[in-house]
Amino acid sequence: MLKVEMEVSSMMSHSVVRGAKPTRALVGGTKTKSCTSQRPAAVSLTTGKKVSAQLSNTRVTLKTSTRRSPLVCYSQAAAEMTDSSPEEDEYVNLSQVCAVLGSQWGDEGKGKLVDILAQRYDIIARCQGGANAGHTIYDETGKKFALHQVPSGILNPKSMCVIGNGVVVHLPDLLKEIQTLEAAGVSCEGRIMLSDRAQILLDLHRELDGKREEELAGKKIGTTKRGIGPAYAAKATRHGIRVSDLLNFEMLEERLTAQYNDAISRFSSLETTLEDELEKYKELAEIIKPFIGDTMDYINLAHSEGKKILVEGANATMLDLDWGTYPYVTSSNPSVGGVITGLGLAPNKYGELVGVVKAYTTRVGGGPYPTELLDDIGQRLRDVGHEYGTTTGRPRRCGWLDMVALNYANRINGFNSLNLTKLDCLTGLEEVKIGVAYKTEDGSILTTVPACVDAIAKVEVVYETMPGWTEDISVMRKWSDLPEACKNYVKRIEELAGVKCTYIGVGPGRDAMIVQP
């Protein structure tokens, strides 16, 4: 059995007092500074309590100092936020609130741009999805980090990472992820806040996910089997478990029992037992308590104080529950609507929406995929691009860039700019193609994505063919350095999308990003 040990700080209850002056509060017998007028009262930083929880099959030890908590006084956190340096001028004009969203079928490389921008932002937030969204990022030394629930801004030591109310959270894995980061030298102490309104993803949900997928036989969705769908289903049927329910054991027991009884009525045999889940989450409640906060209040007050907020989207528009290739979709809204509901920050606060688009396309799991390449070029893209899932390790399906899908996503989200990723992976191809339209069986031309997946599966893609390039662009860092054929490819994407490719990824490292002037 896995044993988790963590030093946790007890917290005093808080409330917002507008117009109040900073005071000193007596907490646990020790004077501590309380928050400024726009923030909740100070957290107790003096009383430590060691908590153990039996979770799974690997030993994990997590410890946080009793001197600090994620719910630190906001004025203290703000004083530590990152300032832009002269060499960061390429990014200095970014708006106060920026959202980075996937525009295809996921795996576009959102984490890298978020990691770069996070060096310029005060708060980095996840708004939807769960551990099915794997983001791979690299630090300045080239060290690789695979993140699943922790926001990609964690590599900026002065940023606050927020997990919003729209996320479904598997707490054991979240704690393991934090432990792995700490072991790699990334400090998470006082830097992660989990929404009290976020939904808990149980091991029960993972088991149900696998069983439901097996029922579909030849029409499997291709789920990651991480329990995302059943967790959101529990939320939609109003017997899900919120993070705040962990602080009320009677409520936790009532809701967990209801979910278990519902599951056992559907599947007579379950490996997950109600008793094990209750015991686990009773102990996890004590471990996770210091991380819990009202993230909606936190983010809105931070915005009112002029702090910069970066939103990290998970999955992508073509997997959106409403706008994706339904039913081959995820269980949340990765488009801009999910950002609004998943954080509680009003639409008029957003100044920049960046759509992340791979220079080709990939997809994991089932569902129609018009530009898919089932030939040597498709395999080459998979090999050169290392197209294997961060979360599942599954090989991704690969194909040419699909402008019909990209423009569809752009109309839904209203991107201000695009981040074109993995452009270097096209190097060496004699020619490159762009899908610009769909042709139906009756010869009609479509420039948008049909609602019916059967109709999407039957379209013929109309392509434009452009010359390729052979130069190694992975070593280039300026737009002017790129070969003409490469620049022409980018320009044609911009013409077809009506949006500038401001950020161009030419390699995996943090520095391998060209910013168009």
Side-chain angles (χ1 to χ4, degrees), residues 102-108 110 128-134 148 168 201 205-233 236 267 313-335 338 357-358 360-375 377-379 381-383 385-402 404-406 408-409 412 435 438 440-441 446 448-461:
S103 64
Q104 296 166 318
W105 284 273
D107 306 310
E108 301 93 348
K110 298 177 287 294
Q128 45 73 223
N132 60 331
H148 302 277
V168 290
L201 189 153
H205 295 141
R206 291 185 166 180
E207 186 174 356
L208 291 176
D209 206 0
K211 287 182 177 293
R212 291 175 181 176
E213 184 78 348
E214 290 301 321
E215 285 184 333
L216 295 174
K219 295 185 177 181
K220 293 182 179 181
I221 301 299
T223 172
T224 60
K225 298 183 182 179
R226 294 301 175 103
I228 308 299
Y232 276 115
F267 300 101
N315 313 119
T317 300
M318 295 307 295
L319 294 176
D320 188 279
L321 184 59
D322 289 283
W323 297 110
T325 50
Y326 188 89
Y328 299 94
V329 293
T330 191
S331 302
S332 62
N333 293 105
S335 56
V357 51
K358 202 173 285 185
Y360 48 101
T361 56
T362 60
R363 177 166 195 167
V364 172
Y369 181 16
T371 64
E372 183 172 14
L373 291 168
L374 300 175
D375 56 12
I377 296 177
Q379 185 59 49
L381 290 173
R382 185 177 300 111
D383 293 338
H386 305 289
E387 297 296 353
Y388 298 89
T390 304
T391 297
T392 64
R394 291 182 296 179
R396 296 169 183 150
R397 301 155 67 187
C398 297
W400 295 118
L401 179 62
D402 187 337
V404 179
L406 177 57
Y408 174 80
I412 292 166
Y438 296 160
T440 65
E441 290 180 304
L446 299 179
T448 190
V449 178
C452 178
V453 290
D454 288 340
I456 301 173
K458 293 176 182 178
V459 301
E460 177 186 345
V461 181

Taking all heavy atoms of Lys110 and all of Gly102, pick out the closest pair and write down the distance.
CD-N, 3.3 Å

Measure the shortest side-chain to side-chain distance between Thr440 and Leu446 over non-hydrogen atoms and say whether it is less than 4.5 angstrom.
yes

Check salt bridge (charged side-chain N to carboxylate O under 4.0 Å, His left out) between Arg206 and all other residues, then give those that pass, not counting sequence neighbours.
Asp173

Of all heavy-atom pairs linking Val357 and Ser103, the shortest is CB-OG, 3.5 Å

Output for pair (Thr317 OG1, Trp105 CH2), nearest 0.5 Å, gives 11.0 Å

Considering only heavy atoms from C-beta outward, does the side chain of Lys358 approach that of Asp107 to under 4.5 Å?
yes

Mind jotting down which residue pairs meet the side chain to side chain donor-acceptor pair (under 3.5 Å) criterion with at least one end in residues 448-461? Sequence neighbours excluded, please.
Arg411-Thr448

How close do Gly129 and Ser332 get, heavy atom to heavy atom, and via which atoms?
N-OG, 3.7 Å

Where the side chain of Glu108 meets the backbone of Gly106, is there a donor-acceptor pair that is under 3.5 Å apart?
yes

Are Tyr328 and Arg363 side-chain neighbours, meaning at least one heavy-atom pair lies under 4.5 Å?
yes

Nearest heavy-atom neighbours spanning Ile456 and Val449:
CD1-CG1, 3.7 Å

For Tyr360, give me all partners under side-chain hydrogen bond (donor to acceptor under 3.5 Å, both in side chains), at least two apart in sequence or on another chain.
Glu387

Name all residues meeting the side-chain hydrogen bond (donor to acceptor under 3.5 Å, both in side chains) criterion together with Thr361; count only those two or more places apart in sequence or in a different chain, and write none if there are none.
Tyr369, Thr371

Any side-chain donor paired with an acceptor under 3.5 Å for Ser335 and Asp320?
yes

Closest heavy-atom pair, Gly378 versus Cys398, reported as atoms and distance to 0.1 Å, is O-CB, 3.7 Å

Pairwise distance CG(Asn333) to CG(Asp322) - rounded to 0.5 angstrom:
5.0 Å

Would you give the length of the straight line joining atom CD1 of Ile377 to atom CZ of Arg382, rounded to the nearest 0.5 angstrom?
12.5 Å

Checking Gln104 now: which residues fulfil side-chain hydrogen bond (donor to acceptor under 3.5 Å, both in side chains) with it, not counting sequence neighbours?
none

For Pro368 versus Ala457, what's the shortest heavy-atom pair and its separation?
CB-N, 3.9 Å

Considering residues at least two apart in sequence or located in another chain, which fulfil the side-chain hydrogen bond (donor to acceptor under 3.5 Å, both in side chains) criterion with Asp402?
Tyr438

Close side-chain approach of Trp400 to Leu373, heavy-atom, < 4.5 Å:
yes

Check whether any side-chain heavy atom of Tyr388 sits under 4.5 Å from a side-chain heavy atom of Asp383, and report yes or no.
yes

